[in-house]
Undergrad: 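Pasting in a structure now, in structure tokens, and then I'll have a few things to ask.
Proteins come first, then strands; the chains are lettered A, B, ... in the order of their sequence lines, and each starts at number 1. Values reported hereafter were calculated over all heavy atoms of this structure, with side chains retained and with hydrogens, waters and symmetry mates removed. Every value quoted in this text rests on a predicted model; they were computed, and no experiment measured them.
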Number of protein chains: 2
Amino acid sequence: MNIGQAASASGVSAKMIRYYESIGLIPKTIRTESGYRVYSDHDVHTLRFIRRARDLGFSVEQIADLVSLWRDRERASKDVKTIALDHVAVLERKIRELQDMASTLKHLAENCCGDSRPHCPILEELASEEPLPVHAKADAKFGALGKA
Amino acid sequence: MNIGQAASASGVSAKMIRYYESIGLIPKTIRTESGYRVYSDHDVHTLRFIRRARDLGFSVEQIADLVSLWRDRERASKDVKTIALDHVAVLERKIRELQDMASTLKHLAENCCGDSRPHCPILEELASEEPLPVHAKADAKFGALGKA
DNA sequence: CCTTGACCTTCCTATGATTGGAAGGATTAC
DNA sequence: GTAATCCTTCCAATCATAGGAAGGTCAAGG
């Protein structure tokens, strides 16, 4: 199987498969004489595992740990559970941060009549010297929400 | 006022002030003869406005719009409100995504006894060919949650 | 007056996961 | 035989931020 076929079978783009190989998340594949990467069904299974873990928001580092636990028949389920619950805690912290931001903004927007006049409590709040009314601090690495 | 003083007065790091200048979010300041940037209280006020907007998760692009509306005495509050509510919508979509991930993971973790035995429903789920039980797809730009 | 330390300057690098493209070779289908 | 579609590697961009190196400047104290 070529990389393109492995990509569509696994849901991981060819670009990402090469990237995962380059960072060591997946091993280097065998190649054809002309240098094409060759994948087995087993490789595709691993890629699908990886994609699912990404869909759940795990970092590549965590995924590497999960994959190696998956491969280890003598793993302790505790180790897996720890990774999962740590991640849940991170997710929940993020959720709270975003909720604080959203609720602060919603309150401000409710008080803004949103017409053609210049008066605007949202800008007033941003320009104010007082602390923000709700705890609504982005942590730097997350503030911009990616491209969304 | 030097950049360091402006930084501590505004809560925006000197690094970021230079960056904001380089991308045109704030104008180039005057300099001393020896090349040091000089800031006024007014500049600090603008920086604090920017920091608050960042704390609410606005992107630099949105902040540029907000700052220019703030400067414009003839703005329509509608324009500000639109930016704010668009951002709220993005935040709420993100919140839902993260909640889906967290709830999926919590369900899986609940069924994992978390002891020294290898049996683990979390890994089983990741390895499964079935679709994930809850709609829990990360959008790519957000999946890894930054460094957190 | 001179040194020391704390500041400032610019420039380059890294982060994390992903996408995009360019330039060139391989394969496949007609 | 040729066109289209794949593959290869390498480089760049995203977004906001932090870190560091190399070198110039300033203030205080001896």
Undergrad: Tell me every residue that passes side chain to side chain donor-acceptor pair (under 3.5 Å) with A:Arg31, counting only those two or more places apart in sequence or in another chain.
TA: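 Applying side chain to side chain donor-acceptor pair (under 3.5 Å) to A:Arg31 gives none.
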Undergrad: Is the phosphate of C:dT9 approached by B:Arg37 (side-chain N or O, under 4.0 Å from OP1 or OP2)?
TA: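 Yes.
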Undergrad: Report the residues that fulfil side chain to side chain donor-acceptor pair (under 3.5 Å) with A:Ser77, sequence neighbours left out, ordered by chain and then residue number.
TA: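 With sequence neighbours excluded, A:Ser77 shows a side chain to side chain donor-acceptor pair (under 3.5 Å) to B:Asp115, given in chain and number order.
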Undergrad: What I want to find out is whether B:Arg96 reaches B:Asp100 closely enough, with some N-O distance under 4.0 Å, to be called a salt bridge.
TA: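 Salt bridge flag = no for B:Asp100 with B:Arg96.
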Undergrad: What residues, two or more places apart in sequence or in another chain, satisfy side chain to side chain donor-acceptor pair (under 3.5 Å) together with A:Glu124?
TA: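 Side chain to side chain donor-acceptor pair (under 3.5 Å) check on A:Glu124 returns A:His119.
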Undergrad: For A:Glu92, check side chain to side chain donor-acceptor pair (under 3.5 Å) against everything at least two apart and list the hits.
TA: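 Applying side chain to side chain donor-acceptor pair (under 3.5 Å) to A:Glu92 gives B:Lys106.
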Undergrad: Mind grabbing the angle between the end helix axes of the helix from C:dC1-D:dG30 to C:dC30-D:dG1? Five pairs an end, 10° rounding.
TA: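 Rounded value for the end-axis angle: 20°.
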Undergrad: Please confirm whether the shortest side-chain N or O distance from B:Ser34 to OP1 or OP2 of D:dC26 is below 4.0 Å.
TA: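 Yes, B:Ser34 has a side-chain N/O under 4.0 Å of OP1/OP2 on D:dC26.
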Undergrad: Taking side-chain contact (heavy atoms from CB on, under 4.5 Å) as the definition, give me every residue that meets it alongside B:Ser8, ordered by chain and number, with sequence neighbours left out.
TA: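 B:Ser8 satisfies side-chain contact (heavy atoms from CB on, under 4.5 Å) with no other residue.
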Undergrad: Quickly work out the B:Asp55 CG to D:dA16 C1' distance and round it to whole Å.
TA: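 Value for this atom pair: 13 Å.
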Undergrad: Could you work out which one of C:dC11, C:dT19, C:dT18 sits closest to the side chain of A:Arg54?
TA: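 The listed nucleotide nearest to A:Arg54's side chain is C:dT18.
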Undergrad: Hey, does B:Val90 have a side-chain heavy atom less than 4.5 Å from the side chain of B:Asp86?
TA: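 No. Closest side-chain heavy atoms not under 4.5 Å.
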Undergrad: Would a 4.5 Å heavy-atom cut-off, applied to side chains only, mark B:Leu69 and B:Ile83 as touching?
TA: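 A side-chain contact exists here, since the closest heavy-atom pair is under 4.5 Å.
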Undergrad: Kindly indicate whether the side chain of A:Lys94, heavy atoms from C-beta on, has any atom under 4.5 Å from the side chain of A:Gln99.
TA: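 Counting from C-beta outward, A:Lys94 and A:Gln99 never come under 4.5 Å.
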Undergrad: OP1, OP2 of D:dT9 versus side-chain N and O of A:Arg31: anything below 4.0 Å?
TA: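 For D:dT9, OP1/OP2 do have a side-chain N/O of A:Arg31 under 4.0 Å.
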Undergrad: Does A:Lys15 or A:Glu33 map to a spot on DNA chain C nearer the 5' end, using the closest nucleotide for each?
TA: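 First, find each residue's nearest nucleotide; the 5'-ward one identifies A:Lys15.
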Undergrad: Judged by each residue's nearest nucleotide on DNA chain D, which is more toward the 5′ side, B:Thr32 or B:Glu61?
TA: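 That would be B:Glu61.
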Undergrad: Does anything in residues 68-81 of chain B form a salt bridge (Lys or Arg N to Asp or Glu O under 4.0 Å)? List the pairs, not counting sequence neighbours.
TA: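 Applying salt bridge (Lys or Arg N to Asp or Glu O under 4.0 Å) to every pair that reaches into residues 68-81 of chain B, excluding sequence neighbours, yields nothing.
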Undergrad: Identify every side-chain donor-acceptor pair in residues 16-27 of chain B under 3.5 Å, counting partners at least two apart or on other chains, and give the distances.
TA:
unit_1: B:Glu21; atom_1: OE1; unit_2: B:Arg37; atom_2: NE; d: 3.0
unit_1: B:Ser22; atom_1: OG; unit_2: B:Tyr19; atom_2: O; d: 2.8

Undergrad: Using the 3.5 Å cut-off, write out each protein N or O paired with an N or O of nucleotides 2-7 of chain C and the distance between them.
TA:
unit_1: C:dC7; atom_1: O2; unit_2: B:Tyr36; atom_2: OH; d: 3.4

Undergrad: Kindly determine whether B:His87 and A:Leu105 satisfy side chain to side chain contact (heavy atoms under 4.5 Å, CB included), including the steps that lead there.
TA: CA-CA 9 Å; B:His87 184 45; A:Leu105 270 169; 3.3 Å; yes
Undergrad: Which pairs, with at least one residue in residues 21-46 of chain A and sequence neighbours excluded, count as a ring-ring contact (aromatic ring centres under 6.0 Å, His included)?
TA: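 Those involving residues 21-46 of chain A are A:His45-A:Trp70.
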Undergrad: Where along residues 16-29 of chain B does a heavy atom come under 4.0 Å from DNA chain D, residue by residue in number order?
TA: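 Heavy-atom contacts with DNA chain D come from B:Met16, B:Tyr19, B:Tyr20.
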Undergrad: What N/O pairs connect the protein and nucleotides 28-30 of chain C at under 3.5 Å? Give each pair on its own line.
TA:
none

